[in-house]
Amino acid sequence: MAAPDPNKAIPRHIAVIMDGNGRWAAARGLPRREGHRAGAVSVEECLVACGELGVRYLTLYAFSSENWKRPQAEVTALMTLLTHFLKEKTPRLMQNNVRLQVIGQLAKLPQRNQRQLRETIEKTKDNDGLTLVVALSYGSREEIVDAARRLMEEAKTGAIDPADLDPETFSRYLHTAALPDPDLLIRTSGECRVSNFLLWQISYAEIVITETLWPDFRREHLEAAIAEYQCRHRRFGGL
Ligand code: FPP
């Protein structure tokens, strides 16, 4: 598999649609939650590899606003897995100098998860290595509508003049206000769609789709995606 070229730039921000956990489990005759559990191992490997490769931001689509429609048992299993992961892995995050951030409609999460997230965010806030952004109960359309609503409220009170609104100002109202846009979007399991993920922010991201199912995604797959990114000629609409 191709490896990154040390003479070419590493993407500053990688976003990942982690897909294929269910199919990975089904292929082994296992319940879907086992696919998510195996997916958590890939998360750990990726975040260590990203830190070592010099990636600054890694955003993972862990639970979409549409995922609430899944069977209750799967939703509960995913929430429990996430809570365990954060609790158990906080020392590893500290050891690897990883700072945790979250985006999404967090108020919809069970209280226990919200508490755990707040604790880990607080504990890791001064780490200055990789920033791991976990998207939870996240939907890009909802995020954009939230931003528009806040802007309209500010326009009503006169705090902002609609004539002054531009893309930079609008970006500051999104959940990702403090983050640079992703340079590279990876989607696993071969599906070719963006599924309501960072629609505004991926305007100029390079997209790499791999057939590998997320639970099988390892450092070499990440490196191959970065190598493919390095072969792209980014023009941002220019020549
Ligand atoms: C999509 O696969 C994956 C998810 C909805 C959940 C992703 C969550 C994890 C990998 C758990 C660990 C995450 C963290 C941040 C600790 P799918 O279930 O839609 O797969 P399918 O398309 O094959 O059914």
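Remember, it's a predicted structure, so these values are computed and weren't measured experimentally. Atoms within each ligand, like the ligands themselves, are counted from 1 in listed order. Scope of the values below: all heavy atoms of this structure, side chains included, with no hydrogens, waters or symmetry mates.
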Side chain, backbone, both or neither: which part of [X] comes within less than 4.0 Å of ligand 1 when only heavy atoms are counted?
{"X": "Leu81", "result": "side chain"}
{"X": "Asn67", "result": "side chain"}
{"X": "Trp24", "result": "neither"}

Problem - Polar contact flag, side-chain donor to acceptor under 3.5 angstrom, Asp166-Thr169 - result: yes
Per-atom contacts, ligand 1 versus [X] - under 4.0 Å to a heavy atom:
{"X": "Gly22", "result": "17 (P), 18 (O), 20 (O), 21 (P), 23 (O), 24 (O)"}
{"X": "Ala62", "result": "6 (C), 7 (C), 8 (C)"}
{"X": "Trp214", "result": "10 (C)"}
{"X": "Arg23", "result": "21 (P), 22 (O), 23 (O)"}

Practice task
Find out whether Thr124 and Met94 are in side-chain contact, i.e. whether some heavy atom of one side chain is under 4.5 Å from a heavy atom of the other.
Solution key: yes
Handout entry: Salt bridge Arg92-Glu44, side-chain N to carboxylate O under 4.0 Å
Key = yes
Problem - Salt-bridge criterion met for Glu52 and Arg219 (N-O under 4.0 Å) - result: yes
Practice task
Describe, in one word, how the ring planes of Tyr204 and Phe236 are oriented to each other, choosing from parallel (under 30°), tilted (30 to 60°) and perpendicular (over 60°).
Solution key: tilted
Completion exercise
The protein heavy atom nearest to atom 13 (C) of ligand 1 is Val43 CG2, 3.9 Å
Handout entry: Identity and distance of the protein heavy atom lying nearest atom 10 (C) of ligand 1
Key = Asn21 ND2, 3.4 Å
Problem - ILVMFWY clustering at 4.5 Å (side-chain atoms), partners of Met1 - result: none
Practice task
Return the option from Arg70, Glu74, Arg32, Met18 holding the heavy atom at the smallest distance from atom 19 (O) of ligand 1.
Solution key: Arg70
Problem - Value rounded to 0.5 Å, distance of CZ in Arg56 from CD1 in Ile14 - result: 12.5 Å
Can I get a per-line list of side-chain donor-acceptor pairs under 3.5 Å for residues 69-79, giving both atom names and the distance, sequence neighbours left out?
{"unit_1": "Arg70", "atom_1": "NH1", "unit_2": "Glu74", "atom_2": "OE2", "d": "2.8"}
{"unit_1": "Gln72", "atom_1": "NE2", "unit_2": "Thr76", "atom_2": "OG1", "d": "3.2"}
{"unit_1": "Glu74", "atom_1": "OE1", "unit_2": "Arg32", "atom_2": "NE", "d": "2.9"}
{"unit_1": "Glu74", "atom_1": "OE2", "unit_2": "Arg32", "atom_2": "NE", "d": "3.2"}
{"unit_1": "Glu74", "atom_1": "OE2", "unit_2": "Arg32", "atom_2": "NH2", "d": "3.4"}
{"unit_1": "Glu74", "atom_1": "OE2", "unit_2": "His36", "atom_2": "NE2", "d": "2.8"}
{"unit_1": "Thr76", "atom_1": "OG1", "unit_2": "Gln72", "atom_2": "O", "d": "2.9"}

Exercise for the section: May I ask you to check whether Tyr61 has an N/O atom sitting below 3.5 Å from an N/O atom of ligand 1? Expected result: no
